[in-house]
Amino acid sequence: MFPPSATTIAAESQEAYPSAPIKVIVPFAAGGGSDTFVRVIQKAIKDHELLPQPLVVINRPGAGGTNGSQEATNAPPDGYTILNLHQAILTAKYSGKVDHGPEAFEPIIATGEDAMTLCAADDSRFQTLEEVLTEAKAATNQITYGANLGAPSHFSALLLEHSHPGAQFRFVQTGGGATRFAELKGGHIELTTFSVSEYLRFKSGGVRALALLGAERHPALPQTPTAREQGFDVVTSNIQFWWAPKGTPADRIQILADAFEAAMNTEYVRDKLASMSVSPIVLRGEELRRVIAQREFETAKVGVRKLDSLPDLPAAVTAIVILLGLAVGAQQLRSHRSAKASHPAAPRDIEHSIPVRESIICAAVIAAYVAALQLHLLPFPAATTLFVFGLGCLLERLSAAPDCPSPQPQLPRLAALALTVALGSHVIFTRVLTIDLP
């Protein structure tokens, strides 16, 4: 389905907006920090009737926030689908996880800022940030740093490396804050990044903040020195940005921004954010664009070094697809030779019709699978199930003798095989290798 034309959107702009519920895509799981924040704003807008239509939260977790942002880029630019996504919109772009960033959207407003902390376990040998970076330079790639690669937790660690030339951590791919806390406590990682609100939640479990990565000390952590106070110029935070698809009419963006700003000024939101240790900032218009541009500049200049210790998922998927393609080709060759041996006098068009046709179909199936993953059209388990099932049916046709009718594929067996391969590989990637999949 094609997005509406400029004429259509212009005509709709004459109608009262919004005249239908507004979907807010939250690219993280329900119950997480971003989801909680959005639902606080959602409740304030509803309770104070700041919009004539409700906000409907749509959770689209996966791939470090990129599944949801990709969906938002494909939404009609009519103001009825928007995105809430923090600093990850920049870190995902400059880590190579996606090829789009702020330029793919119209910024609506920024509401709320969460400072970041560098943390270790209570029994860690590190007492200060200087000790950490000194050792990270003397023994590169030895200190394990838990981070969701391509996300703000990863970017903050890169900033720390950048502040002390020669320092390098050994990054360990992890999930969200709760996962990083468990791995820190279990001794699987030595350092990680938490937001202030996360740190306050985990502190009693045996976590210690070594440095605050903000411009100044946080009221909730008056005893925790900043990185700057310790001699390292590192300042980063998570700001909750609200985005609309590129081309959304300016008047609709203004209506949304007005509603969000009014929600931020309610006592309910102020109290909630205070309890979450989130600063109630509001940025819009030129100030918002300036902050986005500055943060993009800072993200781009840090760069992302290659992580040799991590599996290359795109290369692995490509290799699997190539091997499957070679298997199909080998099966076709055997079938073709068998056909020639059984029917030496067969016309050339009959000899080659089936291999050529099946080759084209196999290529189309492989291309469709790669496209479904690349464009996030289907989740990895669903796309892989369909791919293995379809390829299995084709291979069964190719394995049949040429002088016999095409067999009926054993559908239950193929379906079971496809589900096993898809779900098994999904578990291996997400639980064992802790890699986000589409």
Side-chain angles (χ1 to χ4, degrees), residues 26-39 59 61-65 86-88 91 112-129 131-132 136 142-160 169-214 218 220-221 223-227 234 236-238 240 273 275-278 307 309-310 427 429-436:
V26 177
F28 303 102
S34 291
D35 178 73
T36 300
F37 178 86
V38 170
R39 292 181 190 276
N59 294 100
H86 48 50
Q87 185 84 2
T91 57
E113 181 178 25
D114 209 351
M116 312 289 285
T117 59
L118 170 66
C119 294
D122 270 345
D123 57 358
S124 170
R125 66 185 184 281
F126 298 117
Q127 300 296 318
T128 66
L129 176 57
E131 292 177 1
V132 169
Q142 296 302 310
I143 301 174
T144 52
Y145 199 116
N148 191 353
L149 300 181
S153 58
H154 181 205
F155 175 71
S156 62
L158 294 173
L159 282 175
L160 290 168
F169 299 112
R170 178 157 64 88
F171 289 109
V172 177
Q173 165 66 38
T174 61
T179 302
R180 297 199 300 278
F181 169 67
E183 295 192 354
L184 190 67
K185 284 293 296 174
H188 305 295
I189 58 176
E190 296 176 84
L191 300 168
T192 192
T193 304
F194 292 126
S195 67
V196 169
S197 56
E198 286 176 328
Y199 170 65
L200 292 172
R201 200 159 66 243
F202 302 143
K203 182 180 178 182
S204 61
V207 177
R208 178 161 42 88
L210 303 180
L212 182 78
L213 307 183
H218 196 282
L221 302 173
Q223 303 304 316
T224 303
T226 67
V234 178
T236 186
S237 62
N238 246 348
Q240 293 289 350
L273 296 190
S275 69
M276 296 164 62
S277 299
V278 174
L307 304 175
S309 61
L310 294 172
V427 169
F429 280 126
T430 59
R431 299 298 177 86
V432 180
L433 300 177
T434 61
I435 294 176
D436 286 322

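- Using cut-offs of 30° and 60° on the angle between ring planes, the pair F202 and F181 is parallel.
- Checked by atom type, the side-chain pair S153/Y145 shows no donor-acceptor distance below 3.5 Å.
- If you take OG on S195 and CG on L200, they are separated by 8.5 Å, rounding to the nearest 0.5 Å.
- Looking at every heavy atom in both residues, S156 comes nearest to T236 through CB-CG2, 4.0 Å.
- With hydrogens and angles disregarded, a donor-acceptor distance shorter than 3.5 Å links the side chain of R208 to the backbone of F126.
- Using modelled atom types and a 3.5 Å distance limit, the side chains of E183 and T174 yield no donor-acceptor pair.
- Once rounded to the nearest 0.5 Å, the distance linking NE2 of H154 with OG1 of T192 reads 11.5 Å.
- For I189 against G146, the heavy-atom pair with the smallest separation is CD1-CA, 3.7 Å.
- A salt bridge does not link R125 to E131: none of the charged nitrogens lies less than 4.0 Å from a carboxylate oxygen.
- Nearest heavy-atom pair across A157 and F169 is O-CE1, 3.9 Å.
- Side-chain contact between V207 and L184 is present, with at least one heavy-atom pair separated by less than 4.5 Å.
- Here the side chains of V172 and H188 are not in contact, with every heavy-atom distance at 4.5 Å or above.
- Nearest heavy atom pair, residue S277 against residue A220, reads OG-CB, 3.9 Å.
- Distance CD/Q240 to OG/S34: 4.5 Å, rounded to 0.5 Å.
- Looking at every heavy atom in both residues, T36 comes nearest to M276 through CG2-CE, 4.2 Å.
- Across all non-hydrogen atoms, the minimal contact from S237 to M116 is CA-CG, 3.9 Å.
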**OP:** Could you walk me through whether F28 and H86 pass the ring-ring contact (aromatic ring centres under 6.0 Å, His included) test, one step at a time?
**Re:** CA-CA 11 Å; F28 303 102; H86 48 50; 5.3 Å; yes
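- Taking OG1 of T144 as the reference point, atom CZ of F171 lies at 11.0 Å (rounded to 0.5 Å).
- In this structure the side chain of S197 reaches within 4.5 angstrom of the side chain of D114, judged on heavy atoms.
- From L221, atom CG reaches atom NZ of K203 across 6.5 Å, with rounding to the nearest 0.5 Å.
- Taking CG of L160 as the start and CG of L210 as the end, the distance is 10.0 Å to the nearest 0.5 Å.
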**OP:** List the steps, then state whether side chain to side chain contact (heavy atoms under 4.5 Å, CB included) holds for F37 with L273.
**Re:** CA-CA 8 Å; F37 178 86; L273 296 190; 3.6 Å; yes
